[in-house]
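As structure tokens, the structure follows; a few thoughts come after it.
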Amino acid sequence: MTAQSTNEYHDTDPARPEASSASRMQAVNGHYANGDTPASSEPSYERVQIINDEKQFTPDLTNQVQRWGLHNAGFDYDIVAVFGSQSTGKSTLLNRLFGTNFDVMDETKRQQTTKGIWMCKAKGMNVMVMDVEGTDGRERGEDQDFERKSALFSLASSEVLIINIWEHQVGLYQGANMGLLKTVFEVNLGLFGKKTADGRNQRTLLLFVIRDHIGTTPLANLKATLAADMQKIWETLSKPQEMQDRQLSDYFDLSFAALPHKILVPDKFESEIQELRKRFVEKGREDYVFKPAYHKRIPADGVAFYMEGIWEQVQTNKDLDLPTQQELLAQFRCDEISTAALSEFNEQAKPQRRPIESGKVVEGLGSMMRNWRKGALDRYDRDASRYHPGVYKRKRGDLVSVIDSTLSPLFLGQLKNLHKACLASFKKEMLDGLRGEGYNFAHVVATARECCEQRFVEGGREVLVEGTDWSYEEELASLKEEMKSVADQCRKDETKKMVNLIERNFKRQISEPVELDLNRPTADMWDKVLTVFRETLGKTEASYLAKAKSFNCTDEENVAALASLRKRAWLALRSKIDEQTADAAFLSKLRTYFEERFRYDEQGVPRVWRPDDDIDGAFKKAKDQTLELIPLYSRISPIDKSLEYTLPSEPSDPLTSTEEFDFPSTLVIFSETKAQDLGTRFRRDADAHYVEAKRSTVSSVAQIPYWMYGVLVVLGWNEAMAVLFNPLYFAMLLCMAGSAWIIVQLGMVGPLFQVTRTLGNEMHRQVNNRLREHFSQPALTQPVRSRSVSNGQDGEENELRELRSNVTEPM
């Protein structure tokens, strides 16, 4: 608004014993600097600035209402506000109408008098009067934000809004504040246009006071113009969907009044002022302004909270933040400059997207991003900093957001690619370190981890961009977790390898001692075996614990690994025992043990059986001693019970066994059925040795007479001569003699005898088997033997007795 009156208003009413405007300017909230109050003013009419020029609501309004004596007024009070252009006499009008003491304009200067919104109690009336800062002031310039918010606050909180307007402003759009009213009406309809709890619309009286009315234009015409302008404004409002059919009259009543020129016709001005005052005082008048329909129905003691809530809604409403012409120009130009800078920035950043998306770590990406960002912002700052500072800063923030949103995927992609590369490098370095001999696992992992983390941190720092809140800490934490998982898995694998190696060493260490102990059966055989097992296992566990320190194994892992190692060691022992007690091996041990006691005497000299030897007694003793070994071997049962070994029944190594481990069953070597079968098979082998011994006595008795050798020489003389004088036979004899000489010279006599002895033993064994088959088969068919078999052990002895008689019959 540029239209202003050339007249200067000053409250010079002689009827009011008030101080001059200069003296009133010294007061703050109705007080003088020394704390005194003018003699003509009462404390109950002190004014208070409810909203300052910084848009802050006063916290003292509740106390001020109490000082005014309205705290207990209930609904018996009214609120009126004034609205209009700056320096149009609004404060003067309120002082004349309600006896308030608002500051008025200095006569020598035309400048802003009222800053913010002030409130004062009317003299002799329960009316709270608000003096609102004028619109279109040069002090605020194009900043209309406070004008819109103060106008909306006044409209929403007062019952009567006095619109102070000059006569020559009627018919103008900006001069009459019609654009501002339109904005205020739209926002007021959206915020406060809903019906109250009792179902009625919140109504307000708009009292147009036309100042300096000289009468050239009739008041009726001025009323019609203003009413038409208000109706047009209402029709062009952007209403909410549910309020499209609402009319101006549903929310506002229009009233009009005209005041003559204050300087030119002061007497008439004063009389009209008094007449207008009656409309606020005399309730019986038809044009009384404070009608019940306009009251907000807020108790007086809650007015302060009510107004504060309205101001908060007004402050937070974005529909009032309309830009000025300067801001519009700045927005347009800053958008153009920002678009150009952003286009150049995108062209620079585009080539690096594909390598990042393909998983490549781009060297120097951070430096490039910082240069792109700085170049775009420098170009924007150079061209846009000349425009409106607020718009420039806001658009710069938008540009920074767009740039950062474009760079952020590159930053995150670089971090992910760096993450993958560092993790792969960690795996490679760790595996390379584990290939050598005598490595320290913890040192290898720590070195690889430190190198990997350092590389990632350097890459993460390089790709950071100043001025952003980007951080690589989260990705670094994720990398550390993955490295820990990889290291743990590798540690488990290495631990398994270590345990397997220790297990192989354990098997090798116990193999020979256990085999020796099992081949020399004694009563304390299992004591010896378990002693060797415990000693070897103790060394094995110590070896594991020594190596486990370099693996950073936890106590729980060590406990689990040792339990697994003990179980696997026991299984290795049992496997060796099973190997030594297999059917063929165990029967061989029984035969060896039997032969040592039957075929050799106490001094270990081989026996040559004679007819007068007690073969039956020796056979029975050797057989009984041998059969006693079967119960000894059938179960692992040491004499010293402290050597008994125990394991938990739960599986301690789920990787080697998915079934429940039954330790007690591993103590049993032979079942009863198996033991009986082995006993039966051994008896058959022992019987063959017995038969062989009997046959040897037969051969020693049936010797060839010495004279028979002389007969052979006489009878074979011709044949010997035939060989000597026959060239073919003689050549053969020479060949045999030469072969014998060569064998002797080469030292092959012993091996040849050994081979011959081996062949002889094999032939001897085959003959024994055939003799046994020959002599045992007829015995089974004899009735006497069948009866003896049915009689158990006696039958077996009868069978052997018959076998002996059959053997001795040829004698």
Side-chain angles (χ1 to χ4, degrees), residues 1-4 51-56 85-86 111-112 115-116 133-153 172-187 190 233 236-238 313-349 369-408 465-469:
M1 290 178 287
T2 58
Q4 294 184 351
I51 298 175
N52 60 22
D53 53 350
E54 298 296 331
K55 306 176 186 178
Q56 297 173 343
S85 301
Q86 181 176 307
Q111 63 183 13
Q112 187 182 46
K115 295 183 178 181
E133 178 182 322
T135 62
D136 199 20
R138 65 181 178 84
E139 286 79 7
R140 293 193 181 272
E142 291 187 348
D143 185 10
Q144 298 179 343
D145 182 68
F146 187 78
E147 293 180 3
R148 291 187 286 268
K149 292 181 178 179
S150 61
L152 177 59
F153 175 77
L172 301 179
Y173 188 77
Q174 295 295 342
N177 291 314
M178 293 301 171
L180 180 59
L181 285 174
K182 178 181 178 182
T183 301
V184 171
F185 281 174
E186 281 186 353
V187 179
I233 287 175
T236 57
L237 293 182
S238 177
Q313 293 189 46
V314 171
Q315 277 281 75
T316 56
N317 188 270
K318 300 300 181 182
D319 294 336
L320 296 173
D321 299 335
L322 302 178
T324 63
Q325 291 296 328
Q326 185 183 9
E327 291 175 333
L328 289 175
L329 175 61
Q331 288 180 4
F332 177 74
R333 286 294 298 135
C334 288
D335 285 340
E336 285 188 336
I337 297 169
S338 176
T339 301
L342 193 60
S343 176
E344 181 180 355
F345 166 79
N346 288 331
E347 289 297 324
Q348 294 173 330
M369 291 196 300
R370 288 189 289 271
N371 292 335
W372 303 336
R373 189 176 188 268
K374 184 177 182 300
L377 294 180
D378 288 347
R379 176 175 178 178
Y380 175 84
D381 293 339
R382 183 187 70 236
D383 298 337
S385 59
R386 299 170 293 180
Y387 294 94
H388 189 279
V391 176
Y392 156 72
K393 292 180 180 179
R394 187 172 69 252
K395 293 297 181 181
R396 191 181 191 277
D398 295 340
L399 176 61
V400 169
S401 298
V402 174
I403 291 176
D404 291 348
S405 65
T406 303
L407 294 179
S408 179
V465 176
E466 295 81 358
T468 64
D469 59 349

[X] to [Y] - nearest heavy-atom pair and separation:
| X | Y | answer |
| --- | --- | --- |
| V465 | T468 | O-OG1, 2.6 Å |
| F345 | I403 | CZ-CG2, 3.6 Å |
| R386 | D383 | NH2-O, 3.3 Å |
| E466 | R373 | O-NH1, 3.1 Å |
| V391 | C334 | CG1-SG, 4.4 Å |

To the nearest 0.5 Å, what is the distance between [atom1] on [X] and [atom2] on [Y]?
| X | Y | atom1 | atom2 | answer |
| --- | --- | --- | --- | --- |
| K393 | H388 | NZ | NE2 | 10.5 Å |
| L377 | W372 | CG | CH2 | 14.5 Å |
| D398 | L342 | CG | CG | 11.0 Å |

**Request:** For A341, check side chain to side chain contact (heavy atoms under 4.5 Å, CB included) against everything at least two apart and list the hits.
**Result:**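 For A341, the residues satisfying side chain to side chain contact (heavy atoms under 4.5 Å, CB included) (neighbours in sequence not counted) are A376, R379.
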
**Message:** Quick one about Q331 and K395 (side-chain donor to acceptor, distance below 3.5 Å, no hydrogens or angles considered), yes or no?
**Reply:**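 No, Q331 and K395 have no side-chain donor paired with an acceptor closer than 3.5 Å.
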
Test your reading of the model: is there a side-chain donor-acceptor pair from [X] to the backbone of [Y], 3.5 Å cut-off?
| X | Y | answer |
| --- | --- | --- |
| R396 | A384 | no |
| Y380 | Y392 | yes |
| S405 | V402 | yes |

**Request:** Apply salt bridge (charged side-chain N to carboxylate O under 4.0 Å, His left out) to K374 and list each qualifying residue two or more places apart in sequence or on a separate chain.
**Result:**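 So K374 forms a salt bridge (charged side-chain N to carboxylate O under 4.0 Å, His left out) with D378.
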
**Message:** Just to verify, what does F153 make a ring pair (Phe, Tyr, Trp, His ring centres under 6.0 Å) with, not counting sequence neighbours?
**Reply:**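 Counting only residues at least two positions away or on another chain, F153 forms a ring pair (Phe, Tyr, Trp, His ring centres under 6.0 Å) with W311.
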
